[in-house]
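Presented below is the structure to which this report refers.
No experiment lies behind these values; they were computed from the predicted model shown. The figures that follow rest on heavy atoms only: side chains count, while hydrogens, waters and symmetry mates do not.
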Amino acid sequence: RPFRLFLNRLKARFNVKNDSAWERFASRRERFITKQKRSLIRYWRKDVRYATLGRLSHQFDYFVCGSDQIWTPDPVFFDPYYFLTFVNDKPKIAYAPSFGRSSFPDDKADLVRLALRDFAHLSVREETGKRIIESITGRNDVETVLDPTMLLTAHEWESRLHLDRSKCPDGPYALFYFLGDQSWYRLEATSFCKQKGIQE
């Protein structure tokens, strides 16, 4: 799980030995996240298996896909179902997915072209993603939109997550959260903070 991996990296970075404390923190955090998700999203409470996704076409009127890098061509994560290929005769919408790269391999282009041809609305979160879709499909109606996390204001996030600003550091600061374990991310971020006089 990404969150568990994140916790393990935090433990390693700060040399934390008390596993039980971290386990309690992880458990509380996961319960909090689950509670927040349920308060914001009405879930369809049925067990859906990969092999039976095709049956969902009869259950819903619209299908929306999105989220970071669901359309990555990386062999480990690439999956045609993330392009809603299991949906038949229902409108399909893409809101802010990402390819996670600036180019797309030719060996998957034909499959993606077929998968995207019947989307009612297409949007991505990066200009590079827009160019990829336009070059693969020939469509010129692709929009670039905000990452969904940016649709709420800072005040709305604070209110929904019950954040306390009084616990934040005084003055400007940066919170680093990296995807992957590449040291140059941290070096670049640290350098930027030093140039701008921002706390890390």
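Tyr50 and Phe78 end up in the same hydrophobic cluster when Ile, Leu, Val, Met, Phe, Trp and Tyr side chains are linked at under 4.5 Å. Leu187 and Phe176 sit in two unconnected hydrophobic clusters of ILVMFWY residues. Membership requires side-chain heavy atoms under 4.5 Å apart, directly or through other members. Note on Val124 and Leu111: same hydrophobic cluster, where clusters join Ile, Leu, Val, Met, Phe, Trp and Tyr whose side-chain heavy atoms are under 4.5 Å apart, directly or indirectly. Grouping the Ile, Leu, Val, Met, Phe, Trp and Tyr side chains by contacts below 4.5 angstrom, directly or via other members, places Ile70 with Phe63. Hydrophobic clustering, with ILVMFWY side chains joined whenever heavy atoms are under 4.5 angstrom apart, keeps Leu122 apart from Tyr95.
Under a 3.5 Å cut-off, the side chain of Glu126 and the backbone N or O of Ser102 do not form any donor-acceptor pair. Formation of a donor-acceptor pair under 3.5 Å by the Ser57 side chain with backbone atoms of Asn88 is found in this model.
Partners of Phe86 under the ring pair (Phe, Tyr, Trp, His ring centres under 6.0 Å) rule, at least two apart in sequence or in another chain, are Tyr81. Not a single side-chain hydrogen bond (donor to acceptor under 3.5 Å, both in side chains) links Arg160 to another residue, sequence neighbours left out. Residues passing the ring pair (Phe, Tyr, Trp, His ring centres under 6.0 Å) test with Phe192: none are found, sequence neighbours excluded. Partners of Glu127 by side-chain hydrogen bond (donor to acceptor under 3.5 Å, both in side chains), not counting sequence neighbours, listed by chain and number: Thr144. In this structure Thr137 satisfies the side-chain hydrogen bond (donor to acceptor under 3.5 Å, both in side chains) test with no other residue, sequence neighbours excluded. A search for side-chain hydrogen bond (donor to acceptor under 3.5 Å, both in side chains) contacts involving Arg101 returns nothing, not counting sequence neighbours.
Between Ala109 and Ile136 the shortest heavy-atom distance is O-CG2, 3.5 Å. What you find for Pro148 and Arg125 is that their closest heavy atoms are CD-NH2, 3.7 Å. In plain terms, the two heavy atoms of Arg117 and Arg139 that are nearest each other are O-NH1, 3.8 Å. Closest approach of Ile198 and Ala174 over heavy atoms only: CG2-N, 3.5 Å. In terms of heavy atoms, Ala120 sits closest to Pro91 at CB-CB, 4.4 Å. The minimum heavy-atom distance between Ser123 and Val142, with the atom names listed, is CA-CG1, 4.5 Å.
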Apply side chain to side chain contact (heavy atoms under 4.5 Å, CB included) to the pair Thr72 and Tyr82, showing each step before the final yes or no.
-> CA-CA 10 Å; Thr72 177; Tyr82 286 138; over 6 Å; no
Test side chain to side chain contact (heavy atoms under 4.5 Å, CB included) applied to Val48 and Leu53, step by step = CA-CA 7 Å; Val48 179; Leu53 278 173; 3.5 Å; yes
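Under the side-chain hydrogen bond (donor to acceptor under 3.5 Å, both in side chains) criterion, no residue pair touches residues 58-69, with sequence neighbours excluded. The stretch residues 80-96 participates, sequence neighbours left out, in these salt bridge (charged side-chain N to carboxylate O under 4.0 Å, His left out) pairs: Lys92-Asp118. Among pairs with a residue in residues 103-130, those fulfilling ring pair (Phe, Tyr, Trp, His ring centres under 6.0 Å) read Phe99-Phe104, at least two apart in sequence or across chains.
Here Leu175 is tied to no hydrophobic group at all, with no ILVMFWY side chain closer than 4.5 Å. Cluster partners of Leu114: none. The rule joins Ile, Leu, Val, Met, Phe, Trp and Tyr whenever side-chain heavy atoms lie under 4.5 Å apart, and it links nothing here. Hydrophobic cluster of Phe77: the remaining members, joined at side-chain heavy-atom separations below 4.5 Å, are Val76, listed by chain and number.
Within 6.0 Å of atom CD in Glu143, 12 or fewer heavy atoms from other residues, nucleotides or ligands are found, so the atom counts as exposed in its surroundings.
Counting heavy atoms from C-beta outward, Thr149 and Trp157 have side chains that approach closer than 4.5 Å.
Note: Ser191 OG to Lys194 NZ = 7.5 Å, rounded to the nearest 0.5 Å. Between atom NE2 of residue His155 and atom CD of residue Glu158 there is a gap of 7.5 Å, rounded to the nearest 0.5 Å. To the nearest 0.5 Å, atoms CD1 (Ile133) and CZ (Arg113) are separated by 12.5 Å.
Close placement of the Phe83 and Trp71 rings is indicated, their centers lying within 6.0 Å of each other.
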